[in-house]
Amino acid sequence: MDKMMDSPWVLRIIALFLALLLFFSVRTELSPANKTITSEQTEVIRDVPVDVFYDDKNLIVTGIPKTVDVTIKGPMPLVIQTKATKDFSVFVDLSKLLIGEHNVKLQYENISDKLQVSFDPATVKVNIEEKVTQEFRVDPELNTRLIEEGYVLNGMTANPATVYITGAKSAIENISYVKATVTGEQGLKEPFSQVAAVKVLDRDLNKLDVTIQPETVKVQVDIGAYSRELPVVLKEIGKTADGITVNQLTISPTKVRVYGRKSIIDSLTAIPVEVDLSNITESKTYEFDVKLPEGVTKVSDSKIKVKADIMKVEQEKTTTTTTTTTTTPTPTPDPKPTPPPPSEETSTPSEHNTPPPDKTEEVEEDIDS
């Protein structure tokens with residue numbers, strides 16, 4: 001056996017056999033059938049952006065998806081290269097279409113012709129509409145449950161108060177609410193300001209696809225204690241001094257604003273002010289403190305002015321007595337003589353209320369005497 005292995009012819013035959021075996025093995029691997037099976041590949045490239053070509057100055061297009069999934073199939077090297085570089089684009093050309101609804105196919109560029117390309121979705125339904133810009137008022141809103149008990153929302157203002165909204169004509173016509181929502185922590189009881197985003201909603205509170213300018217506004221929130229304006233009523237206490245009669249008491253102001261918890265303030269009908277009559281001694285304006293009812297935190301006026309109109313009875317009596325005692329008595333004149341009964345001749349003038357001249361002179365002389 002060793003002699004055979006040492007023979008050069010045996011070694012040559014073995015080498016030839018191995019060479020033929022290697023040749024046929026490589027040929028089999030490079031055959032077209034095996035090449036097709038091993039080199040063809042399929043890949044899915046997800047979330048590829050979609051470009052849209054149209055007159056964006058005058059038109060609005062809806063219905064185009066922002067991204068699509070692209071499936072490519074072909075030679076493995078091309079598939080791997082295309083997926084790795086992603087230097088292709090997917091687009092929809094609407095430049096030649098009129099206003100209305102259309103079914104359009106997605107297109108692509110910069111993908112090798114040796115690859116099979118498909119999209120998900122393959123076609124899309126688009127709506128081309130007129131672009132409209134309109135001004136709307138912004139309505140700020142706040143969840144009132146965040147406000148501390150005993151405080152209320154007095155009002156809110158947005159700056160700027162209006163925004164310009166651009167979108168499809170149908171979208172603009174469906175706008176029902178333009179809101180700027182303010183948030184905060186539980187227990188709000190002081191005024192504050194906050195920058196809030198503007199939301200555009202339809203009547204079903206669905207967000208509309210529109211452009212807002214500006215997108216945010218500054219909202220000023222005015223929060224204060226709950227208050228109501230109530231009338232002031234006088235509550236007289238004590239007694240007036242002897243000889244003093246109070247003719248009238250006039251209060252100012254007649255109404256005050258009270259602050260406090262809503263349930264308590266709403267139950268009040270008036271604010272009583274106690275007026276001690278014993279302190280009223282002359283006609284002038286007095287001031288009395290307003291005592292806060294239970295549950296009321298403050299009032300707009302802590303003091304109430306009361307204008308008193310009085311009459312001093314004792315002074316009038318004293319003045320009358322003094323006048324009576326100092327007056328000099330008037331002497332009683334002598335009784336007038338009774339004139340004789342008038343005659344028939346004089347009765348006629350007396351009916352005309354013209355006394356006889358001589359009778360009058362006689363009476364005056366008697367009085368002088």
Side-chain angles (χ1 to χ4, degrees), residues 136-162 176-196 198-199 201 203 205 217-240 246-280 283-310:
F136 287 87
R137 187 187 75 253
V138 179
D139 295 323
E141 64 177 2
L142 171 69
N143 186 357
T144 54
R145 295 180 181 178
L146 299 176
I147 300 177
E148 182 76 13
E149 186 178 1
Y151 292 80
V152 293
L153 178 64
N154 295 325
M156 293 188 294
T157 56
N159 185 23
T162 60
S176 296
Y177 308 99
V178 179
K179 300 287 187 180
T181 304
V182 178
T183 60
E185 297 181 356
Q186 186 70 37
L188 299 175
K189 58 182 180 180
E190 293 181 355
F192 67 96
S193 61
Q194 186 179 105
V195 176
V198 180
K199 297 184 297 184
L201 310 172
R203 64 180 181 179
L205 302 181
V217 294
K218 187 175 183 180
V219 179
Q220 182 67 40
V221 182
D222 183 15
I223 296 177
Y226 179 73
S227 66
R228 278 183 64 204
E229 196 174 55
L230 295 175
V232 178
V233 294
L234 294 182
K235 183 179 180 182
E236 298 180 359
I237 61 174
K239 294 183 179 180
T240 57
V246 177
N247 295 328
Q248 186 178 9
L249 296 176
T250 306
I251 60 175
S252 177
T254 58
K255 292 182 179 181
V256 294
R257 182 166 292 276
V258 295
Y259 299 82
R261 192 171 293 179
K262 185 177 187 301
S263 57
I264 295 176
I265 300 301
D266 288 344
S267 64
L268 300 176
T269 57
I271 298 298
V273 175
E274 294 183 351
V275 177
D276 191 352
L277 298 179
S278 62
N279 295 330
I280 298 178
S283 295
K284 68 175 186 178
T285 300
Y286 299 83
E287 283 189 350
F288 294 91
D289 294 330
V290 178
K291 295 182 179 180
L292 300 181
E294 185 178 357
V296 175
T297 57
K298 67 176 182 177
V299 293
S300 58
D301 297 271
S302 59
K303 293 182 178 293
I304 296 296
K305 294 181 179 180
V306 179
K307 184 178 180 181
D309 179 17
I310 70 170

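What you see below is based on every heavy atom in this structure, not just the backbone, and it leaves out hydrogens, waters and symmetry mates.
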Test log, rule side-chain contact (heavy atoms from CB on, under 4.5 Å), inputs T254 and V232: CA-CA 5 Å; T254 58; V232 178; 5.8 Å; no
Crowding at NZ, K303 (>12 non-hydrogen neighbours, <6.0 Å): yes
E149 atom CD: more than 12 heavy-atom contacts under 6.0 Å: no
Between E141 and T181: side-chain donor-acceptor atoms closer than 3.5 Å: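 There is such a pair between these side chains.
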Stepwise side-chain contact (heavy atoms from CB on, under 4.5 Å) test for L142 and T144: CA-CA 6 Å; L142 171 69; T144 54; 5.8 Å; no
Nearest-0.5 Å distance that lies between atom [atom1] in [X] and atom [atom2] in [Y]:
X	Y	atom1	atom2	answer
K199	L205	NZ	CG	9.0 Å
E274	L277	CD	CG	11.0 Å
E236	L249	CD	CG	5.5 Å
S267	K262	OG	NZ	10.5 Å
E190	I147	CD	CD1	13.0 Å
M156	I223	CE	CD1	9.0 Å

Validation row: I251, V273 side chains within 4.5 angstrom (heavy atoms): no
Residue pair I280, V275: steps toward the side-chain contact (heavy atoms from CB on, under 4.5 Å) verdict: CA-CA 9 Å; I280 298 178; V275 177; 3.9 Å; yes
Test log, rule salt bridge (Lys or Arg N to Asp or Glu O under 4.0 Å), inputs D139 and R137: CA-CA 6 Å; D139 295 323; R137 187 187 75 253; 3.0 Å; yes
Can you tell me if [X] uses its side chain to pair, donor with acceptor, with the backbone of [Y] under 3.5 Å?
X	Y	value
S300	R257	yes
S176	R203	yes
S283	I310	yes

Non-neighbouring partners of K255 that pass side chain to side chain donor-acceptor pair (under 3.5 Å), sequence neighbours left out: none
Verdict with supporting geometry, V256 and V290, side-chain contact (heavy atoms from CB on, under 4.5 Å): CA-CA 10 Å; V256 294; V290 178; 5.6 Å; no
